[in-house]
Amino acid sequence: MRTCAYGTPPIILFIIITLFLGSTQYAKGQQKIQKSINKDIVPVKLSVKNMRTDLEILWSTIKEMHPGYGYFTPVDSLRKVYDQTFSSLTKPLYEGEFISQIYPFICKLRCGHTQIKHSRGYKYPSGLYPAHLPFKVLVKNGKVFVTNHQTEAVNTGDEIISINNVAVEEIISHGSDLYSTDGYNKTFKELFLSEYDGFEDACNKYYHWQGDYKLQVRTVQGLLKNLTIDTNTKSANEPVSSSFDNYANWTTAENTGNLKLRFFNNSSIALFETKPFSYEDTIVYKQAFKEIENKKIKNLILDMRHNTGGDIRVAIQLLSYLADTPFNIIKDVKSRLPNPTLSKSVNYFDKQRMKSFLRGYKIANKEGSWYHVETTSAMGTVYGPLELAKDHRFKNNLYVLIDGATFSSGALFTAALKSQRKNVIFIGRETAGGEEGCNGMVMQELTLPNSKVMIDFPWMRVESVALNPNHGRGIIPDHIVEYDPQDIVTQRDRDLEKVLELIK
């Protein structure tokens, strides 16, 4: 059997390292599910009794062992939202409606690793969510702008003021309750509403709008217009804008797989693009930093945008090429229970993942109200100080691109880099992952027995090595870069432009 760099067989690695699964990966999957309507599926509603029983089980499990319980939202406030949600379940609902009904309660945990998923194999019945917006949007600072569109009634850059006489601020609020995020972060909420069609989801799942949409828009020229858009017809040809060539003056290196390494022509500037951490990346790192060293690069741009996490041990390998001295990537991992596999809700969790937890982790001493978590030899070392790479370390100027999808171990890596590296500048937007840490490390799957709805459920709290983190916020860049609707349509990389401006 083929092994990874840590000597663990890939299939076992996959089971054990459900570390910090990125939120955006789930968001992408959910969008695909929502668009696949099966006309042969007959809608079946869940009974009030079954939904309430499932919600009671979920609440009981959260109180007993969720690491985010009471961390950002006071317990009494969380209880109040739970009671309101329980009381709101007064009539039978379709599975999707049930999920939408309880998601605002889950969002109050303020944990980006706690997400709700449909039952296994679920397909949307025909006719539940028939209306699609004939345009995409950019949600930014409480406002909504048209980007790509399949109707000539609106143009790129038009601001949507209201839909069907409902102000967009209200739609944004309800759309934000359809997905969880860490702490008080808003950048991922905006990204979810924009890039992953969360705004359209709010129109469908909360308001259940069908047929024509009545819009009030403010045009790019500042004129207020009232429009009626037929959601069932689209223009034959969507207005096309030519894509911006962001890499016209760059040469792409070979032998770095899907982690693109580019060199700016006739300069000492390199751009290295990361992906969610995967164990194959360790080989690429060695090759990439060897080339960076051979070309005598003085300014390295590390692209951490949309790095939604993955295997933290791979993040350690990347950090070993960039830290100034032997380093740490996390400060502590802790659990609320001395043995999560013996919780009262054990029968609702995935059995295989529990076996993997016992193989890779062990609960140590109790510190205050938490239990310290150690790793076994099967998991490997995650506590430092950790060794630097023996060769090809980069010691010159480092620029790091971050955004609202830099999450989980991607954010932990960024926080560790910020606290243990000189000559580093961050550009972009606040990370989705909290600078102080997150819930994760061991990701479980809680299946509610009646609805079969599944909950991504973290077992551990992970503390970062950030020096002075801002409670409930992500890593804030040194240089904030904003995008406008035209940038989205043409795919213009404003972050990269800002970095090159700083270097020059």
Side-chain angles (χ1 to χ4, degrees), residues 259 261-264 267-274 277 281-282 284-305 307 312-332 381-403 406 409-431 433-437 462-470 473-481 495-504:
L259 306 184
L261 174 62
R262 295 182 172 92
F263 299 101
F264 198 71
S267 75
S268 59
I269 304 173
L271 169 65
F272 187 40
E273 177 183 335
T274 71
F277 299 118
D281 296 346
T282 58
V284 177
Y285 295 157
K286 184 175 182 180
Q287 175 65 27
F289 282 96
K290 181 179 179 180
E291 290 196 46
I292 289 169
E293 181 180 72
N294 290 341
K295 289 187 177 293
K296 297 180 172 56
I297 295 301
K298 301 297 183 186
N299 300 283
L300 173 61
I301 306 166
L302 184 68
D303 192 348
M304 291 292 296
R305 296 173 297 180
N307 187 319
I312 197 171
R313 299 171 303 177
V314 178
I316 288 171
Q317 295 298 308
L318 179 57
L319 193 55
S320 72
Y321 289 95
L322 299 168
D324 292 331
T325 59
F327 60 93
N328 296 276
I329 194 164
I330 56 176
K331 180 181 179 181
D332 194 15
T381 301
V382 296
Y383 293 115
L386 301 163
E387 294 182 358
L388 297 169
K390 295 181 180 179
D391 302 303
H392 317 308
R393 284 175 50 221
F394 182 75
K395 303 176 184 178
N396 295 317
N397 299 320
L398 180 63
Y399 301 84
V400 183
L401 307 182
I402 56 178
D403 69 1
T406 307
S409 53
L412 288 168
F413 167 89
T414 306
L417 190 63
K418 179 180 177 181
S419 65
Q420 297 167 103
R421 162 85 194 203
K422 299 176 183 177
N423 300 326
V424 58
I425 296 175
F426 295 89
I427 300 97
R429 288 150 301 288
E430 180 182 357
T431 61
E435 185 174 11
E436 64 196 300
V462 187
E463 292 184 359
S464 78
V465 293
L467 299 178
N468 295 295
N470 189 345
R473 300 296 299 274
I475 293 95
I476 308 296
D478 301 297
H479 298 272
I480 296 176
V481 179
D495 299 322
L496 185 56
E497 290 179 5
K498 181 62 178 180
V499 176
L500 294 177
E501 174 189 318
L502 293 171
I503 293 174
K504 292 178 180 179

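All of these numbers come straight from a predicted model, not from anything done at the bench.
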> Checking side-chain contact (heavy atoms from CB on, under 4.5 Å) for the pair Val465/Leu412: CA distance, chi angles, key distance, verdict?
Replying inline: CA-CA 8 Å; Val465 293; Leu412 288 168; over 6 Å; no
Got a sec, which residues hit side-chain contact (heavy atoms from CB on, under 4.5 Å) with [X], two or more places apart in sequence or on another chain?
X      : result
Glu497 : Phe244, Arg492, Arg494
Lys498 : Ile427, His479, Val481, Glu501, Leu502
Asn397 : Asn299, Tyr399, Asn423

Does [Y] offer a backbone N or O that forms a donor-acceptor pair with the side chain of [X] under 3.5 Å?
X      : Y      : answer
Thr381 : Tyr383 : no
Glu430 : Ile476 : no
Gln420 : Ala416 : yes
Ser419 : Leu467 : no

Where is the tightest heavy-atom contact between [X] and [Y], given as atom of each residue plus distance?
X      : Y      : result
Arg305 : Asp403 : CB-OD2, 3.3 Å
Gly410 : Thr414 : O-OG1, 2.8 Å
Ala466 : Ala415 : CB-CB, 4.4 Å
Gly433 : Ala411 : CA-CB, 3.6 Å

> Heavy-atom distance under 4.5 Å between the side chains of Leu261 and Leu271, does that happen here?
Replying inline: no
Rounded distance (nearest 0.5 Å) linking atom [atom1] of [X] with atom [atom2] of [Y]:
X      : Y      : atom1 : atom2 : result
Arg421 : Lys395 : CZ    : NZ    : 10.0 Å
Leu401 : Phe272 : CG    : CZ    : 13.0 Å
Arg429 : Thr406 : CZ    : OG1   : 8.5 Å
Ser267 : Ile297 : OG    : CD1   : 6.5 Å
Glu293 : Asn396 : CD    : CG    : 10.5 Å

>> Checking Glu435 against Lys418 for the salt bridge (charged side-chain N to carboxylate O under 4.0 Å, His left out) test, could you report, in this order, the C-alpha distance in whole Å, the side-chain angles of both residues, the deciding distance, and whether it holds?
In response: CA-CA 10 Å; Glu435 185 174 11; Lys418 179 180 177 181; 3.2 Å; yes
> Between Thr274 and Asn307, does any side-chain donor sit less than 3.5 Å from a side-chain acceptor?
Replying inline: yes
>> Test of understanding: with ring-ring contact (aromatic ring centres under 6.0 Å, His included), list the residues that count as partners of Phe263, not counting sequence neighbours.
In response: none
Indicate every side-chain donor-acceptor pair of residues 318-331 with a distance under 3.5 Å to a residue at least two apart or in another chain.
{"from": "Ser320", "atom 1": "OG", "to": "Gln317", "atom 2": "O", "distance (Å)": "2.5"}
{"from": "Asp324", "atom 1": "OD2", "to": "Lys422", "atom 2": "N", "distance (Å)": "2.7"}
{"from": "Asn328", "atom 1": "OD1", "to": "Gly384", "atom 2": "N", "distance (Å)": "3.1"}

> For the side chain to side chain contact (heavy atoms under 4.5 Å, CB included) test, which of Thr431, Asp478, Leu398 pairs with Phe426?
Replying inline: Asp478
>> The criterion is side chain to side chain donor-acceptor pair (under 3.5 Å); which residues satisfy it with Arg262, sequence neighbours excluded?
In response: none
> Does Asp391 come within less than 4.0 Å of Lys290, counting only side-chain N to carboxylate O?
Replying inline: no
> Does the side-chain contact (heavy atoms from CB on, under 4.5 Å) test come out yes or no for Leu300 and Phe289, once each step is laid out?
Replying inline: CA-CA 10 Å; Leu300 173 61; Phe289 282 96; 4.0 Å; yes
> Got a sec: does the CG of Asn468 have more than 12 other heavy atoms crowding it under 6.0 Å?
Replying inline: no
> When you look at His392 and Ile292, which way does the side-chain contact (heavy atoms from CB on, under 4.5 Å) test go after all the steps?
Replying inline: CA-CA 8 Å; His392 317 308; Ile292 289 169; over 6 Å; no
